[in-house]
Asks: 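Sharing a structure below in structure tokens format, with a few things to ask.
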Amino acid sequence: MIQKDLLIKRFISYVTIDTQSDENSSSTPSTQKQWDLANKLHQELLAMGLDDVSIDQNGYIMATLPATVAKPLPTIGFIAHYDTTPDFSGTNVNPQIIENYNGKDIVLNEALDIILSPDDFDDLLEYKGQTIITTDGTTLLGADDKAGITEIMEAVQYLKNHPEIEHGPIRIGFTPDEEIGRGAHKFDVEKFGAEWAYTMDGSQIGELEFENFNAAGVKVFVKGKSVHPGYAKGKMINSIHIAQDFISSLPRLETPEHTTGREGFFHLNGIHGDVEETVLEYILRDHDKEHFEARKEVLNNLAAEINSQYGLELISIEIKDQYFNMREKIEPVMHIVELAEKAMHAVDVEPIIKPIRGGTDGSQLSFMGLPCPNIFAGGHNFHGRFEYVPVESMIKATEVIIKIAELAAKK
């Protein structure tokens, strides 16, 4: 059905283009190099002969595959992002193709002794006998989310080549800057014009997700007073020590390394300072909205308690909500999840329905009026040197897209 060699060729052509985003940039896209892939995708969509192909000044790409039947059918969309995370290098990606994986260690880089081993990543064993694409150990791969882009493009090309398959209007959307939380910020939902959509941005084969964390970013500002250390008794206030008290007073087991499933956390992901001022950077995550708000209260109450101990306003807190759990927007239209589940069964994929321990463009889009569950793209170990993707998983994701389009026309 899907030509494996062409899918691999397309995927390689995307991942070898550096598209890292930059959270410190205020432009959209946040990096100039994202335009390299954006312009390539725009040209490929034009070459396919799709309708309404556009790329706007912010790098958002949209196109339409027209319906193959005259009866009125809902317009559905498929969305993926083309940036890669700033957490790990995306420069000079050198993919390795492992045919007929034997279930043993994969040497990513012999010179640097970098090995992808099932002893560390036991999911590898599920793909014994399959074709796996890995890194060379010095960069990430970029399957997050260039696997999703590849699958959408392959599915659209297949449907274009097989007009006998009945389907309604299909909208395609590719976005920048998802990895820095801005992928949907300038997405024109009205222009996209879909009744609902799916992000192709999940991990292992079968994943189907319609709930995610509620998320907030937090900055804790701790003031101190610098005095010559030889004459500091009773005068110096060391902001670093106060920050240490703040950190140690939070629940130690409610951190990412101690939580799973629907368990939320406080994550300290940055600290810098001196005697005069220390700044702590946290992210808050929780699937439950009440628990999410309670975490904010924990931080505010702790700051108030420490301030009271010193009799001074030494700690101030800035909390900014980032995104919310899309479940409340999906539950009223659960037929769109059931449709994806039915499509997976139809192509012999067992659905794995679970909450996302993270965020997704689909969350923001759902709150912007475009219900948008998340479907697997097939990759593993995102954001690092051990990232890999089984080609067969990408083929199945492509088949799921095609089947969703087909089943939506039968409703």
Side-chain angles (χ1 to χ4, degrees), residues 2-20 37 78 80-85 87-90 92-109 114-118 120-155 174 178-179 198-209 344 347 349 352 356 358 360 374-401:
I2 302 300
Q3 295 187 47
K4 181 177 179 180
D5 57 338
L6 294 180
L7 181 144
I8 292 173
K9 182 179 179 181
R10 185 188 294 277
F11 178 69
I12 298 296
S13 77
Y14 296 159
V15 299
T16 49
I17 299 174
D18 185 0
T19 58
Q20 277 185 302
L37 182 52
F78 295 93
H81 66 90
Y82 54 78
D83 69 312
T84 59
T85 181
D87 293 345
F88 205 80
S89 175
N92 298 324
V93 172
N94 181 30
Q96 300 187 98
I97 301 174
I98 314 299
E99 301 278 2
N100 193 24
Y101 172 57
N102 61 12
K104 299 180 180 179
D105 288 356
I106 300 173
V107 178
L108 300 180
N109 193 303
I114 300 172
I115 296 171
L116 177 61
S117 173
D120 300 317
F121 306 103
D122 56 6
D123 286 340
L124 273 167
L125 297 177
E126 298 180 18
Y127 307 109
K128 191 174 180 179
Q130 297 187 21
T131 299
I132 295 176
I133 302 178
T134 73
T135 75
D136 68 358
T138 63
T139 69
L140 49 68
L141 179 61
D144 180 13
D145 186 25
K146 293 167 187 175
I149 292 174
T150 299
E151 292 150 8
I152 292 170
M153 294 292 276
E154 286 292 311
F174 298 136
E178 188 270 354
E179 295 292 0
Y198 302 92
T199 48
M200 301 300 298
D201 195 18
S203 183
Q204 74 183 94
I205 185 170
E207 283 187 354
L208 174 56
E209 300 151 326
M344 288 187 189
V347 298
V349 171
I352 303 171
I356 305 170
T360 166
N374 192 46
I375 293 174
F376 72 94
H380 288 259
N381 304 339
F382 294 150
H383 297 195
R385 69 176 84 247
F386 297 109
E387 186 181 3
Y388 71 91
V389 61
V391 174
E392 286 78 1
S393 295
M394 294 175 67
I395 291 172
K396 283 297 182 182
T398 305
E399 292 176 357
V400 168
I401 295 171

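Computed from a predicted model, the values in this text were never measured in an experiment.
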Asks: Do Glu126 and Ile205 have side chains that approach each other closer than 4.5 Å (heavy atoms only, starting at C-beta)?
Replies: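 Heavy-atom side-chain distance check fails, nothing below 4.5 Å.
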Asks: Of the non-hydrogen atoms in Thr398 and Ala155, which two are nearest, and what is the gap between them?
Replies: CG2-N, 3.5 Å
Asks: Just how far is it from atom CG of Leu6 to atom CE of Met153, taken to the nearest 0.5 Å?
Replies: 13.0 Å
Asks: Does the pair Asp87 and Thr85 meet the rule for a side-chain hydrogen bond (donor to acceptor under 3.5 Å, both in side chains), with working shown?
Replies: CA-CA 5 Å; Asp87 293 345; Thr85 181; 3.3 Å; yes
Asks: Taking all atoms of both residues into account, what is the closest heavy-atom pair of Ala143 and Val389, and its distance?
Replies: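 Looking at all heavy atoms of both residues, the closest pair is CB-CB, 4.1 Å.
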Asks: Should Asn94 and Thr139 be marked as a side chain to side chain contact (heavy atoms under 4.5 Å, CB included) after you check the CA-CA gap, both sets of side-chain angles, and the distance that decides it?
Replies: CA-CA 8 Å; Asn94 181 30; Thr139 69; over 6 Å; no
Asks: Rounded to the nearest 0.5 Å, what separation is found between the NZ atom of Lys4 and the CE atom of Met394?
Replies: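 Reported to 0.5 Å precision, the distance equals 11.5 Å.
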Asks: Between Asp83 (side chain only) and Glu179 (backbone N and O only), is there a donor and an acceptor less than 3.5 Å apart?
Replies: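 Yes; judged by distance alone, with no hydrogens or angles, the pair exists.
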Asks: Is the count of non-hydrogen atoms from other residues, nucleotides or ligands lying under 6.0 Å from Asn102 atom CG greater than 12?
Replies: yes
Asks: Once rounded to the nearest 0.5 Å, what's the spacing between atom CD of Glu207 and atom CD1 of Ile352?
Replies: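 Interatomic distance, Glu207 CD to Ile352 CD1, rounded to 0.5 Å: 6.0 Å.
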Asks: Is a side-chain donor or acceptor of Asp105 paired with a backbone partner of Ser117 at a separation under 3.5 angstrom?
Replies: no
Asks: What is the minimum heavy-atom distance between Pro118 and Gly103, and which atoms define it?
Replies: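 What the structure gives for the nearest pair is CG-O, 3.5 Å.
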Asks: Supply the atom-to-atom distance Glu387 CD to Leu108 CG, rounded to the nearest 0.5 angstrom.
Replies: 11.5 Å
Asks: Please check this pair: side chain of Asn381 against backbone of Phe386, looking for a donor-acceptor N/O pair closer than 3.5 Å.
Replies: yes
Asks: For the NZ atom on Lys128, are there more than 12 heavy atoms of other groups (residues, nucleotides or ligands in this structure) within a distance under 6.0 Å?
Replies: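 No.
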Asks: Nearest heavy-atom pair of Thr131 and Glu392: which atoms, and what distance?
Replies: N-OE1, 3.1 Å
Asks: For Phe376, is there any backbone N or O sitting under 3.5 Å from a side-chain donor or acceptor partner on Gln204?
Replies: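 Flag not set: sc Gln204 to bb Phe376 has no pair under 3.5 Å.
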Asks: So which atom in Ala377 and which in Met200 form the shortest heavy-atom distance, rounded to 0.1 Å?
Replies: CB-O, 3.9 Å
Asks: For a quick test of reading the model, state the closest non-hydrogen atom pair linking Pro95 to Ile133 and the distance between them.
Replies: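 For Pro95 versus Ile133, the nearest heavy atoms are CB-CG2, 3.9 Å.
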Asks: Within this structure, what is the CG-OG1 distance for the pair Leu141 and Thr84, rounded to the nearest 0.5 Å?
Replies: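 Those atoms lie 10.0 Å apart.
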Asks: Please lay out, stage by stage, how Lys146 and Leu37 fare under the test side chain to side chain contact (heavy atoms under 4.5 Å, CB included).
Replies: CA-CA 10 Å; Lys146 293 167 187 175; Leu37 182 52; 3.8 Å; yes
Asks: With sequence neighbours left out, write down each residue that passes ring pair (Phe, Tyr, Trp, His ring centres under 6.0 Å) with His380, or none if nothing qualifies.
Replies: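 Partners of His380 by the ring pair (Phe, Tyr, Trp, His ring centres under 6.0 Å) criterion, ordered by chain and then number, come out as Tyr127, Tyr388.
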Asks: Roughly how far, to the nearest 0.5 Å, is OG1 of Thr199 from CD1 of Ile375?
Replies: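 Rounded to the nearest 0.5 Å, the CD1-OG1 separation comes out at 7.5 Å.
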Asks: Report yes if some heavy atom in the side chain of Glu178 is under 4.5 Å from a heavy atom in the side chain of Asp201; otherwise report no.
Replies: yes
Asks: Taking Ser203 for the side chain and Gly379 for the main chain, is one N or O donor matched with an acceptor at less than 3.5 Å?
Replies: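 Yes, because the side chain of Ser203 sits within donor-acceptor range (under 3.5 Å) of the backbone of Gly379.
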Asks: Evaluate side chain to side chain contact (heavy atoms under 4.5 Å, CB included) for Ile152 paired with Phe174, printing each intermediate quantity in order.
Replies: CA-CA 10 Å; Ile152 292 170; Phe174 298 136; 3.9 Å; yes
Asks: Is there a donor-acceptor pair under 3.5 Å between the side chain of Asp145 and the backbone N or O of His81?
Replies: yes
Asks: Does Gln96 use its side chain to pair, donor to acceptor, with the backbone of Ile106 at less than 3.5 Å?
Replies: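 No; judged by distance alone, with no hydrogens or angles, the pair does not exist.
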Asks: Answer yes or no: are there more than 12 heavy-atom neighbours, outside Gln3 itself, under 6.0 Å from its atom CD?
Replies: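 No, CD of Gln3 has 12 or fewer neighbouring heavy atoms, counting only those of other groups under 6.0 Å.
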Asks: Any non-hydrogen side-chain atom of Leu124 less than 4.5 Å from a side-chain atom of Ile132?
Replies: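 Yes, close enough: below the 4.5 Å cut-off.
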Asks: Determine yes or no for a side-chain-to-main-chain donor-acceptor pair under 3.5 angstrom, with Thr150 supplying the side chain and Arg10 the backbone.
Replies: no
